[in-house]
Amino acid sequence: MVRSNKFRRNNSNKLIKGFIILIILILIVFSLYRNSGLFYRKGIILPFSLHLNRQEVYLVKGEEFRIFVYGINKRVSFYSTNFRVAGVNFNGRVYAYQTGKAFIVAKVDGKELKCRVKVIDLNKKNLKLKVGQTYRLKVKGPAVFARYKSSNPEVATVNMFGHVKAKQRGKTTISVKVKGKTLKCTLVVR
């Protein structure tokens, strides 16, 4: 009898711990989901329904991109929710002005279609270092994962966090890839 009570208590403690771990995992997944592009999609896009050519776009500061609506032959009006970050003209041409996030909204037949625009840039385009010096390159704007690479690791190396270390005299280019976009910094080591 005493043994069965201990067995039940151990099982109930394991059940409670498992339930708590499950709730924590659900909270973590939900917080990641809210910051992803999946959260902003309203559902499955059917081939002949009204939808934009892109749901999310990464742009480099100064770059342009064209957004258009599939499946219609009607008048569409565009506007930006943050015109300081990204502007849009009447044809759907998006201009990236400064780093940050904005939504481009296309209005057609009383419906609003949204495209999230993320504008990114590097904190330095040209860099001069002495041998032995270090510098941290950062991606400005809403970038999550960036891959750094040096074109000449003998002159300077860069790690996965953007820390550049000058090794010997010369010139190299540090390339940073974010969501298909490549940002470059020219480094001269004296």
Side-chain angles (χ1 to χ4, degrees), residues 29-128 135-151 158 160-162 164 171-188:
V29 169
F30 183 71
S31 67
L32 292 174
Y33 170 72
R34 286 197 56 126
N35 292 326
S36 72
L38 295 173
F39 181 74
Y40 295 96
R41 291 186 79 152
K42 301 237 182 205
I44 297 171
I45 298 173
L46 299 172
F48 299 107
S49 65
L50 289 177
H51 62 277
L52 293 173
N53 60 329
R54 296 288 288 272
Q55 298 287 318
E56 183 177 63
V57 176
Y58 275 84
L59 296 176
V60 178
K61 184 178 171 184
E63 198 175 26
E64 298 177 8
F65 182 79
R66 180 144 190 300
I67 291 179
F68 55 89
V69 180
Y70 280 121
I72 64 159
N73 194 11
K74 296 181 181 179
R75 185 173 175 85
V76 180
S77 63
F78 295 95
Y79 70 90
S80 173
T81 58
N82 190 348
F83 61 88
R84 289 187 179 108
V85 172
V88 62
N89 69 5
F90 65 95
N91 285 331
R93 173 114 5 229
V94 179
Y95 303 95
Y97 295 131
Q98 70 181 27
T99 58
K101 281 193 263 189
F103 282 96
I104 302 300
V105 181
K107 282 180 131 183
V108 58
D109 284 343
K111 291 184 179 179
E112 289 188 348
L113 307 169
K114 292 182 182 180
C115 174
R116 183 166 47 174
V117 177
K118 294 182 178 182
V119 181
I120 57 174
D121 199 14
L122 265 182
N123 60 341
K124 286 278 189 183
K125 302 276 188 193
N126 297 305
L127 189 60
K128 291 181 182 177
Y135 185 82
R136 174 136 191 259
L137 280 177
K138 296 178 189 171
V139 178
K140 298 190 304 186
V144 181
F145 299 110
R147 291 192 323 249
Y148 297 87
K149 186 177 180 183
S150 174
S151 65
V158 61
M160 61 190 280
F161 302 110
V164 179
K171 189 175 181 181
T172 184
T173 302
I174 307 295
S175 301
V176 185
K177 290 193 176 182
V178 179
K179 293 283 188 175
K181 297 291 177 183
T182 303
L183 306 166
K184 293 187 178 186
C185 173
T186 305
L187 172 64
V188 177

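The structure displayed is predicted, hence computed values, not measured ones.
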| Between D109 and K111, is there a donor-acceptor pair closer than 3.5 Å when you use the side chain of the first and the backbone of the second? |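 Pair absent, no side-chain N/O of D109 close to backbone of K111.
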| query | Does K138 NZ have over 12 foreign heavy atoms under 6.0 Å away? | reply |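 Atom NZ in K138 is not packed in, count stays at 12 or less.
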Check: [Y] and [X] side chains under 4.5 Å, non-hydrogen atoms:
X    : Y    : result
N53  : Y70  : yes
K184 : T182 : yes
V94  : L59  : yes
K101 : V85  : no
H51  : L113 : no

Enter the distance from [X]:[atom1] to [Y]:[atom2] here, rounded to the nearest 0.5 Å.
X    : Y    : atom1 : atom2 : value
K124 : L137 : NZ    : CG    : 9.5 Å
L183 : I120 : CG    : CD1   : 4.5 Å
C185 : L122 : SG    : CG    : 6.5 Å
L52  : I67  : CG    : CD1   : 6.0 Å
F103 : K118 : CZ    : NZ    : 9.0 Å
Q98  : K61  : CD    : NZ    : 7.0 Å

| task | Look at the aromatic rings of Y97 and Y95 and report parallel, tilted or perpendicular, splitting at 30° and 60°. | result |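 Y97 vs Y95 ring planes: parallel.
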| field | Qualifying residue, where the test is side chain to side chain contact (heavy atoms under 4.5 Å, CB included) with T186 and the options are L127, N126, I174 | value |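 By the side chain to side chain contact (heavy atoms under 4.5 Å, CB included) criterion, T186 pairs with just one of L127, N126, I174: N126.
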| Lys/Arg-Asp/Glu bridge criterion (N-O < 4.0 Å) met for K179, E56 |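 Result for this pair is no, no salt bridge flagged.
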Please give me the minimum heavy-atom distance between [X] and [Y], naming the atom from each residue.
X    : Y    : result
A106 : F78  : CB-CE2, 3.6 Å
A96  : V60  : CB-O, 3.6 Å
Y79  : K107 : CE2-CD, 4.1 Å
V108 : R75  : CG2-O, 3.8 Å
R136 : N123 : O-ND2, 3.4 Å
S80  : G87  : CB-CA, 4.4 Å

| task | Kindly write out the residues that satisfy side chain to side chain contact (heavy atoms under 4.5 Å, CB included) with K125, not counting sequence neighbours, or none if the list is empty. | result |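 Partners of K125 by the side chain to side chain contact (heavy atoms under 4.5 Å, CB included) criterion, ordered by chain and then number, come out as D121.
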| query | Got a sec, which pairs hit side-chain hydrogen bond (donor to acceptor under 3.5 Å, both in side chains) with one end in residues 139-151, sequence neighbours left out? | reply |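 Those involving residues 139-151 are S150-T172, S151-T172.
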